[in-house]
Amino acid sequence: MIGPTEIPLAAVCSECAKALSAVRELLAFATADTALAHQNVSRPASLTEAGVSLPAWDELSRILTFRGGMNTSTVIAGTSLLGLAAGVIGVFALLRKRSLVADALSHATLPGIVLAFLAAAALGFDGRSLPLLMSGAVVTGVLGVLCIQMLVRHTRLHEDAAIGIVLSVFFGAGVVLLSVVQTGTHGNAAGLNHFIYGQTAAMSRSDAVVMGGIGIAAIVTAFVMLKEITLVCFNDDFARVAGWPVTAIDLVIMALVVLVTASGLQAVGLLLVVAMLIIPPVSARFWTDRVRLLVVLSGVFGALGGYLGSVVSASLPRQPAGAVIVLTSGVLFVLSMAFAPKRGVLATGLKRFRLRVRIAGDHLLETAFEHARDHGDTVAVPADVLRRLARRRGWPRYVLPMLVSLLRRRGLIARRGPTGFLLSPEGKAAGARVSRNHLLWAQYLVSHADIAPSHVDWSVDQVEHVLTPGLVEGLERSLRDRGVAVPPRTEGAG
Amino acid sequence: MDQWWPVFVRVDLVPLSAGVLAAMTCALLGNFLVLRRQSLMGDAISHSVLPGLVIAFLVAGSRNPGAMFLGAATAGIATAVLVELVRTLGRVEPGAAMGVVFSVLFALGVLLIQQAAAENVDLDAGCVLYGQLEMLFWEPPAGAAVFSPEALATIPRQLWTLCGVFVLTVLFNGVFYKEMRVVCFDPAYATSQGIGAGLMHHALMVLVAAATVASFEAVGSILVIAMLICPPAAARLLTDRYWVQIAVSAVLAAASGVLGYWGATGLPGLFGHAGVNAAGGIAVASGVLLTAAVFAAPRHGLLPRLLRRRRLGRDVVIEDLVASLYRLGERGVRSIPRDRLPRALGRGEWDSASALAGKRGLIVSDGRTIRLSPAGQAFGRDLVRRHRLWESFLVSEAGLAVDHVHETAEHLEHLPIEPDRGPDIDPHGRVIPGQETE
């Protein structure tokens, strides 16, 4: 930020001087704001000193258990409730694929906040009462959403462009209005800035009550209408056919999103409030496929993010609560994405890896079995047969030794001689089963799906590993019914 | 000598050209985002360059343009890659994936900037959002000529950065003109032709990040989104041609830059107010231009479309009236009282239709009754011929039942095409009138 003194003072003519002084005035306001934002922060002398100094444990535990003073406790309770509400409502925005509409909505609240302030100031009220500013935010937020719908429905622009347009133009209008307020004589307007980045510390008891009330109302509405909202989220066509007022239910969802956004403005700011609506549901989605559980989990994640975030922000100096809350939720998201047992990246990756190992092992056993069948049981499978297999499958170098030792440990490979190895009886049975499945499926494709024999091999390779015993029996039956020769069962196969 | 420099040059020229350059740079890149339905990638990147910038700033210790650019480009690529990772690995819906990534990165940026602000006041969360266009003064040394090196050296660095990115963007548009066209309209074909759609995507993301970081000091990061999306979206409504789209978006961007800057700094002055935020003004101006395009674009605008539809509806009603009168004439009824029109023809806006048809010389009226003029007679004959030709075509060629063809023929008769001359009698047994003979 350039300080006002750095503005050159060369007054070349009166006009120029006027322009310069206007700018200087603006700058003075801007710096005053910045100073206000940091007023309760002691500025350290260097970056090293600015580094995070951890609070003592007893202080942290006091804050954690709502004993950190009235103000801090209010803030923590308020943001936790807000997180809970945002998490619950965000689920519906996510399921309805409206996550980014919520983003546009939150940006579109800025002009409403400033206009409400201006209107109140013009009528002689205190322009900084929270309910008043929030209702202004709701009005322009809803207007923004309507604009998006208008653009999508009546022009050739797509939703992404419509969201971007509304978000940026409304926010631009808000910035213009904000600068009007700041250069004008509208009393103390500095507080309006805090709606952009949020200023949790400024939250009063009554603000927290308003926020909490809205949050609870939103949650109650969501649970009362859970069935209807779920129906619309998952199959709106069916809901319409079944006679549900889909548009009205959609409106309720949107209204809930608007309410939560408006109540989150003060705590986390309009730039980041959307994160509270998006991140907890997406995190919870990794853990479950059931809506009820999803709603509960998402609420818990949201509340946890709000709670931990505001605790951290209260116990460390200079940590803006909004950003900390979002980052806490972000950590929960990363943990969920990595470690969730069902859809987490590690779990699915492990599952996929196991499958690949099994398939590679199947191929190896199949090759070994077929070699033994053609050359006699007692002949060891030479290494270059396997090397050829590895080349054909495109395995990297390390795969073959790894597979051999794995299969050996499982007792499928009996002995590793100087010229190759021999299959154990179990290994032979497994190889026979794969080989036979291959033949069965190939015959099925040729006889039932009319695929040329020269074309079946590739797709058979994919399927032969996943045929269950029941499926194999079905295949045998259907082939026999058609009078196609079924490959004989080898001993031990089945 | 100092006196000789007009105020405009000193105070307004640099911010104005910075605004225009930023707007044009963003618009030239935004075309691809809008056409590829990735507008929100611009949104995401302009939010998430923030941590990249702050980290670059903290590492380099100053506003070194090279470091800032590197930080922003890294953040841009990281955003694109992370969104892709969350989307594919986590199987998250694209919009939500974007929302998660950019809001977390933005929060990180806000946190870092608060840390940095304590140590160094040169970086401020507010200016990241609004920009500080009005503060780009040009303060040349006393007595320097306009284009002398000393004077040019005092032009704010931001303008040069913007110039550089603008040139880069124009080059990108020029060099990859054909490739980007294919990538925009048919990515699968582009890939099959060996144009790496993924590579182009990442190049675009780097450029968007560069444009964001170059513009952010001037117009602020949120308003970059307006510049990225509004002019291209407006151009999208004004044209269906690719190169016109690019040209129009650049012109609209420049226009919103000029209009917005003037509207924010000059216009309030006329009413005795202090100027307002110019970056916001430019965003609003681009929104105003877009709104104008939404309503008034000749082909895709709402008002022209409404007018066209109303004109078509009116023409159809008039044609229905004339055709009906012709059919009555076939049965020997030459004129009909005005007030009996609804009973004879069914409900409809016959009053206005007959008034308009009279104005076009298709019917003549003697106050109470109306009948076809000779021109109307010929017009009605054409319509009825077309109707009956279509009916016989639909029966003989399309195999429709005789009692099902009237509705379709009723639509088709209004189009200026007709089937080849068919039989003389239509499926309902009526004579199909000839082209010339009475």
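Here the structure is a predicted model, which is why all the values come from computation and not from measurement. Values below: all heavy atoms of this structure, side chains included; hydrogens, waters and symmetry mates excluded. All chains are named by letter (A, B, ...) in the order of the sequence lines, taking the proteins before the strands, and each is independently numbered beginning at 1.
Both the backbone and the side chain of Ala233(B) have a heavy atom closer than 4.5 Å to some heavy atom of chain A. Looking at Val100(B), the atoms closer than 4.5 Å to chain A (heavy atoms on both sides) sit in the backbone and in the side chain alike. Heavy-atom distances place no part of Arg285(A) under 4.5 Å from chain B, backbone and side chain included. Residue Leu35(B) does not touch chain A at all, counting heavy-atom pairs closer than 4.5 Å. When heavy atoms are compared at a cutoff of 4.5 Å, Leu151(A) approaches chain B solely by way of its side chain, counted from C-beta outward. For Ser99(A), the part lying near chain B is the side chain, with the backbone staying farther off; criterion is any non-hydrogen pair under 4.5 Å. The parts of Ile165(A) that come within reach of chain B are both its backbone and its side chain, each placing non-hydrogen atoms under 4.5 angstrom from that chain. At a 4.5 Å heavy-atom cutoff, Ser329(A) makes no contact with chain B through either its backbone or its side chain. Looking at Leu290(B), only its side chain comes within 4.5 Å of chain A, counting heavy atoms on both sides. Interface remark: Ile279(A) contributes backbone and side-chain atoms alike to the contact with chain B (heavy atom separation under 4.5 Å). Heavy-atom distances place both the backbone and the side chain of Val86(B) under 4.5 Å from chain A. Looking at His154(A), the atoms closer than 4.5 Å to chain B (heavy atoms on both sides) sit in the backbone and in the side chain alike.
In this structure, CD1 in Ile282(B) is found 13.0 Å from OG in Ser168(A), a value given to the nearest 0.5 Å. Atom CD of Glu93(B) is separated from atom CG of Leu95(A) by 9.5 Å, given to the nearest 0.5 angstrom. Here the CZ-CG distance, from Arg156(A) to Leu237(B), works out to 7.0 Å after rounding to the nearest 0.5 Å. Here the CG atom belonging to Leu271(A) is positioned 9.5 Å from the CZ atom belonging to Phe102(B), to the nearest 0.5 angstrom.
A pairwise comparison of heavy atoms in Leu94(A) and Ala96(B) identifies CD1-CB, 3.4 Å as the closest pair. Listed here is the closest heavy atom pair of Val104(B) and Gly330(A): CG2-CA, 3.8 Å. Pairing each heavy atom of Ala107(B) with each of Leu327(A), the nearest pair is CB-CG, 4.1 Å. Nearest approach of Val294(B) to Met150(A), heavy atoms of both residues: CG1-CE, 4.3 Å. Looking at every heavy atom in both residues, Thr155(A) comes nearest to Arg305(B) through CA-NH1, 4.5 Å. Nearest heavy-atom pair, Gly164(A) versus Ile229(B), reported as atom, atom and distance to 0.1 Å: CA-CD1, 3.5 Å.
Most heavy-atom pairs under 4.5 Å with chain A, from the set His47(B), His300(B), Met98(B): that is His300(B). Counting heavy-atom pairs closer than 4.5 Å to chain B, the top residue among Arg98(A), Arg343(A), Lys97(A), His107(A) is Lys97(A). Per-residue heavy-atom pair counts under 4.5 Å with chain B were compared for Val331(A), Val166(A), Leu177(A), Val282(A), and the maximum is reached by Val282(A).
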Report the C-alpha separation of Val169(A) and Val288(B) in whole Å, then their side-chain angles, then the decisive distance to 0.1 Å, and conclude whether the side-chain contact (heavy atoms from CB on, under 4.5 Å) test is met. CA-CA 9 Å; Val169(A) 173; Val288(B) 169; over 6 Å; no

Do Phe286(A) and Val92(B) pass the side-chain contact (heavy atoms from CB on, under 4.5 Å) test, and can you show the C-alpha distance, the side-chain angles, and the key distance before you say yes or no? CA-CA 9 Å; Phe286(A) 285 111; Val92(B) 174; 3.9 Å; yes

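The closest side-chain donor-acceptor pair between Ser39(B) and Asp160(A) falls under 3.5 angstrom.
Around CD of Glu159(A), the count of heavy atoms belonging to other residues, nucleotides or ligands within 6.0 Å does not exceed 12. By the 6.0 Å contact criterion, CZ on Arg37(B) is open, its count of non-hydrogen atoms from other residues, nucleotides or ligands being 12 or less. The environment of Arg91(B) atom CZ is dense: over 12 non-hydrogen atoms of other residues, nucleotides or ligands sit within 6.0 angstrom.
Side-chain contact check for Asn277(B) versus Leu178(A): every heavy-atom pair is 4.5 Å or farther apart. A 4.5 Å side-chain heavy-atom check between Phe170(A) and Val284(B) finds every atom pair outside the cut-off.
Side chain of Ser179(A) to main chain of Val276(B): no donor-acceptor pair is present (N/O by atom type, distance under 3.5 Å, no hydrogens or angles).
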